[in-house]
2 protein chains.
Amino acid sequence: MSSRITLKDLAKKLNLSPSTISRALADHHSIGEETKKRVREKAEEVGFTPNSIAASFRKKKTKSIGIIVPRIDVHFHSRVISGIEEFAYKTGYNVTIFQSKDSFVREKEITKILQNRMVEGIIVCLSIETQDYEHFKRFKKLGMPLVFYDRVPSSLDANKIIVNDFESAFTATEHLIKNNCKRIAHIAGSQNTDIFKERLKGYTAALKKHHLKIDPDLILPTNNLSYEEGVICANKYLEMESRPDGVFCANDYTAVSVIQVFRKAGINIPKDVAIVGFSNYPISGIIEPNLTTVNDRAFQMGEAAARLLTRQIEDEENYIGSEIITLNTELIVRESSIRKASNK
Amino acid sequence: MSSRITLKDLAKKLNLSPSTISRALADHHSIGEETKKRVREKAEEVGFTPNSIAASFRKKKTKSIGIIVPRIDVHFHSRVISGIEEFAYKTGYNVTIFQSKDSFVREKEITKILQNRMVEGIIVCLSIETQDYEHFKRFKKLGMPLVFYDRVPSSLDANKIIVNDFESAFTATEHLIKNNCKRIAHIAGSQNTDIFKERLKGYTAALKKHHLKIDPDLILPTNNLSYEEGVICANKYLEMESRPDGVFCANDYTAVSVIQVFRKAGINIPKDVAIVGFSNYPISGIIEPNLTTVNDRAFQMGEAAARLLTRQIEDEENYIGSEIITLNTELIVRESSIRKASNK
DNA sequence: TCTTTTTACACAAACGTTTGCGTTAATGTT
DNA sequence: AACATTAACGCAAACGTTTGTGTAAAAAGA
């Protein structure tokens with residue numbers, strides 16, 4: 001209720017000028033040690049906390065960054081955000097989050113909100129609907145640093161943090177091949193999204209390298225890689241005359257549903273068919289058999305995004321608007337894909 | 001790089017005073033419709049976006065709220081945050097997040113950061129280490145609205161959003177009893193935390209009501225209800241001479257491990273022993289058999305917290321510092337607890 | 001001892017908005 | 001026709017900090 005104590009008030013109490021107080025609190029060299037101590041003590045005594053809005057206003061620095069994610073409660077994103085927050089906290093930034101809810105219009109609305117100096121930079125993972133990037137181009141004009149992660153704009157020259165989806169999918173598929181799989185299926189994500197296109201490419205490339213036939217019937221597309229879609233795909237595989245003996249799934253949810261559907265049908269995993277997922281969701285370590293999957297390094301992705309963003313914020317002169325950082329994944333081999341036959 | 005266009009610049013271009021521009025953009029009644037249109041069009045043309053820091057500074061309103069959570073990549077919290085963000089977005093607030101990482105000192109540091117008018121109110125879930133609430137009392141003195149959720153300070157008079165843990169545990173346990181369980185075990189959370197104390201109380205109360213013996217050996221305490229701790233507890237139950245025929249677990253992770261350990265030991269679930277968890281984590285709907293659990297209403301909890309907080313921010317006169325809102329949970333009955341014997 | 005440098009502080013402007021009040025012209029009221 | 005009301009806009013102060021510059025006294029150099 002009562003208006004808080006200001007730097008001026010503190011100055012009056014100490015018979016000093018506001019500028020001295022400001023500098024004393026900032027540990028400026030031109031203020032005497034004795035005075036600094038007096039100021040600090042009095043500030044503590046009267047409970048003075050500087051008005052950071054006024055400071056931001058004056059300094060033209062808010063020390064805060066914005067994040068736009070499709071949804072916060074998707075585990076992948078919450079881990080990325082955690083990485084961002086961790087890095088930001090250490091470097092004195094704070095993070096403001098918005099969720100686009102995978103809506104293009106909401107994403108645009110959010111960018112409007114963020115254009116007014118509230119944040120010094122933005123980290124974004126595109127909504128699934130987004131095909132047009134006009135609303136992000138404005139940030140470039142405004143000189144506001146921008147970093148995309150995971151779902152990045154293919155046609156836009158920008159900072160991007162991605163994972164080597166192609167190679168990840170390649171080694172995941174090759175892992176199945178090495179485990180004696182001959183007919184390897186793939187449950188694919190939406191082909192409107194680059195990352196899922198890359199995973200499909202990596203899958204086919206691995207088959208090609210090892211001279212395995214690429215059977216289009218074994219490649220099943222999905223919209224959002226949901227658990228339910230995974231069940232449908234699994235059932236399709238079950239009905240086939242010659243079933244696959246290995247399945248590379250573009251995420252863990254669909255992999256889990258394949259495991260469950262197959263098991264219920266009396267199929268032994270990994271003996272009859274080996275399964276590999278993608279993303280290393282918590283469930284992958286719990287489901288039985290434990291799921292082989294690729295660690296997508298979500299936390300590191302967040303850190304990398306925050307690091308790149310803050311560097312661009314602080315290095316105004318060497319401002320590079322289009323750096324692409326590719327993170328290396330790691331195949332976590334667990335029970336679901338190890339077949340004694342060729343366990344190398 | 002180039003300093004952005006300001007309201008004053010816009011005023012010059014239009015031969016109007018800054019005040020008129022400001023009011024025109026705010027759709028003030030004392031500005032002519034014709035003028036408003038001119039202003040809006042010119043603003044659009046030159047790409048003027050108001051400096052919200054300056055506005056916040058002048059109006060003394062930042063329209064933003066802060067959140068302190070233990071970790072944002074814990075699913076429960078990310079859902080709460082999602083609920084907060086959703087409500088905040090609709091009402092024009094934006095949210096800044098901090099994670100305490102369950103560290104008391106970091107929590108204190110964060111509260112220091114938040115004391116400087118950056119946010120107009122704070123929503124917090126206490127770190128597991130926090131026993132002393134002195135750092136939150138300062139907010140009361142400063143008149144800064146504060147709302148706790150889930151892990152709330154027991155000895156502090158404050159706004160709290162909680163779930164009726166006692167009743168939830170009671171009905172969960174009673175559900176087991178109705179399903180013909182006679183020896184019901186309980187895997188309990190840390191008894192330093194109120195919510196887990198309440199769940200234990202609800203469990204014992206249900207047993208008492210139905211005249212079942214309360215066997216202390218069946219009540220196993222844990223530190224953080226992790227999957228691994230669940231495995232340990234499950235093995236202890238296995239080794240008992242007279243095993244439980246029902247287990248009420250204080251969360252879903254431990255429930256899942258009990259299911260898996262028991263199944264591996266050849267025990268049929270739910271026929272031999274029925275299991276109930278708590279929180280309705282995604283895995284509860286996937287694990288086989290599907291886990292009966294209580295929906296903890298995380299998203300609604302976030303909404304309720306945000307609603308209460310914004311009301312207190314905007315109703316300065318009727319400021320109530322200690323409202324307690326209890327959300328009702330819902331028992332989601334699935335396979336893991338349904339025994340044909342007394343399936344009512 | 002006189003000048004130069006350093007130390008330690010004060011002055012005042014500035015950041016970009018918002019808002020109470022004042023002013024003019026147009027409209028409405030008797 | 002004289003007055004009251006309203007409509008539409010301008011003036012100027014204010015929000016609380018930071019920072020370039022000015023200045024006095026103290027210390028150092030000659």
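In the text below, chain A, chain B and the rest are named by the order of the sequence lines, each starting its count at 1.
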**Q** How long is the line joining NZ of A:Lys59 and P of D:dG20, in whole Å?
**A**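 Whole-Å distance recorded here is 13 Å.
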**Q** Roughly, in whole Å, what's the span from NE2 in A:His28 to P in C:dT7?
**A**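 It works out to 13 Å between those atoms.
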**Q** Using atom CG of B:Asn116 as one end and atom C1' of D:dG16 as the other, report the distance to the nearest whole Å.
**A**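 The answer, rounded to whole Å, is 13 Å.
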**Q** With B:Thr193, which residues qualify under side-chain contact (heavy atoms from CB on, under 4.5 Å), at least two apart?
**A**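 Testing B:Thr193 for side-chain contact (heavy atoms from CB on, under 4.5 Å), a comparison that skips the adjacent residues, returns B:Ile128, B:Arg151, B:Ser190, B:Ile195, B:Phe196.
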**Q** Once you apply a heavy-atom cut-off of 4.0 Å, does A:Ser22 come out as touching a base, just sugar-phosphate, or nothing?
**A**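 It contacts base atoms.
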**Q** Do any side-chain atoms of residues 299-311 of chain A form donor-acceptor pairs under 3.5 angstrom with protein atoms, and if so which ones, sequence neighbours left out?
**A**
residue: A:Thr310; atom: OG1; partner: A:Ala306; partner atom: O; Å: 3.0
residue: A:Thr310; atom: OG1; partner: A:Arg307; partner atom: O; Å: 3.0
residue: A:Arg311; atom: NH2; partner: A:Glu323; partner atom: OE1; Å: 2.8
residue: A:Arg311; atom: NH2; partner: A:Glu323; partner atom: OE2; Å: 3.2

**Q** What side-chain donor-acceptor pairs closer than 3.5 Å can you find for residues 18-26 of chain B, not counting sequence neighbours?
**A**
residue: B:Ser19; atom: OG; partner: B:Ser17; partner atom: OG; Å: 2.7
residue: B:Thr20; atom: OG1; partner: B:Ser17; partner atom: OG; Å: 3.2

**Q** Would you call A:Phe57 stacked on C:dC15, i.e. ring centres under 5.5 Å apart with the planes less than 30° off parallel?
**A**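 Stacked: ring centres under 5.5 Å, planes under 30°.
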**Q** Determine to 10° how strongly the helix from C:dT1-D:dA30 to C:dT30-D:dA1 is bent, judged from the axes of its five-pair ends.
**A**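 Angle reported: 40°, given to the nearest ten degrees.
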**Q** Please enumerate all residues that pass ring pair (Phe, Tyr, Trp, His ring centres under 6.0 Å) together with B:Tyr133, with sequence neighbours excluded.
**A**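 For B:Tyr133 there are no ring pair (Phe, Tyr, Trp, His ring centres under 6.0 Å) partners, ignoring immediate neighbours.
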**Q** Rounding to an integer number of Å, can you tell me how far A:Arg58 CZ sits from C:dA13 P?
**A**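 After rounding, the reported distance stands at 13 Å.
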**Q** To the nearest Å, how far apart are B:Lys12 NZ and C:dG16 P?
**A**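 Whole-Å distance recorded here is 11 Å.
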**Q** Does a side-chain N or O of A:Lys60 approach OP1 or OP2 of C:dG16 to a distance below 4.0 Å, or not?
**A**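 Checking A:Lys60 against C:dG16: at least one side-chain N or O falls below 4.0 Å of OP1 or OP2.
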**Q** For B:Ser103 and B:Glu129, test the side chains for any donor-to-acceptor distance below 3.5 angstrom and give the result as yes or no.
**A**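 On atom types as modelled, these side chains do not qualify, holding no pair under 3.5 Å.
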**Q** Holding to salt bridge (Lys or Arg N to Asp or Glu O under 4.0 Å), I want the full list of residues that pass it with B:Arg106, two or more places apart in sequence or in another chain.
**A**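 For B:Arg106, the residues satisfying salt bridge (Lys or Arg N to Asp or Glu O under 4.0 Å) (neighbours in sequence not counted) are A:Glu85, A:Glu86.
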**Q** Could you list the residues that satisfy salt bridge (Lys or Arg N to Asp or Glu O under 4.0 Å) with B:Glu134, not counting sequence neighbours?
**A**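 Partners of B:Glu134 under the salt bridge (Lys or Arg N to Asp or Glu O under 4.0 Å) test: B:Lys137.
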**Q** Considering every strand and a 4.0 Å limit on heavy-atom distances, what is the contact class for A:Lys8: base, sugar-phosphate, or nothing?
**A**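 The residue A:Lys8 makes base contact.
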**Q** How would nucleotides 5-11 of chain D be written as a contact map, 5' to 3', with B for base contact, S for sugar-phosphate-only contact and - for no contact, using protein heavy atoms under 4.0 Å?
**A** ---BBBB
**Q** Between D:dT17 atom C1' and A:Asp9 atom CG, what is the distance in whole Å?
**A**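 In whole Å, D:dT17 C1' and A:Asp9 CG are 13 Å from each other.
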**Q** Could you give the CZ-to-P distance, from B:Arg4 to C:dT17, as a whole number of Å?
**A**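 Atom CZ in B:Arg4 sits about 10 Å away from atom P in C:dT17.
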**Q** So, using salt bridge (Lys or Arg N to Asp or Glu O under 4.0 Å) as the criterion, who are the partners of A:Arg297 when residues are at least two apart?
**A**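 Residues passing salt bridge (Lys or Arg N to Asp or Glu O under 4.0 Å) with A:Arg297: A:Glu330.
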**Q** Figure out the CG/P separation between A:Leu14 and C:dC9, and round it to whole Å.
**A**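 Roughly 11 Å, once rounded to whole Å.
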**Q** Do you see a donor-acceptor pair shorter than 3.5 Å between the side chains of A:Glu107 and A:Thr130?
**A**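 Judged by distance alone, the side chains do pair up.
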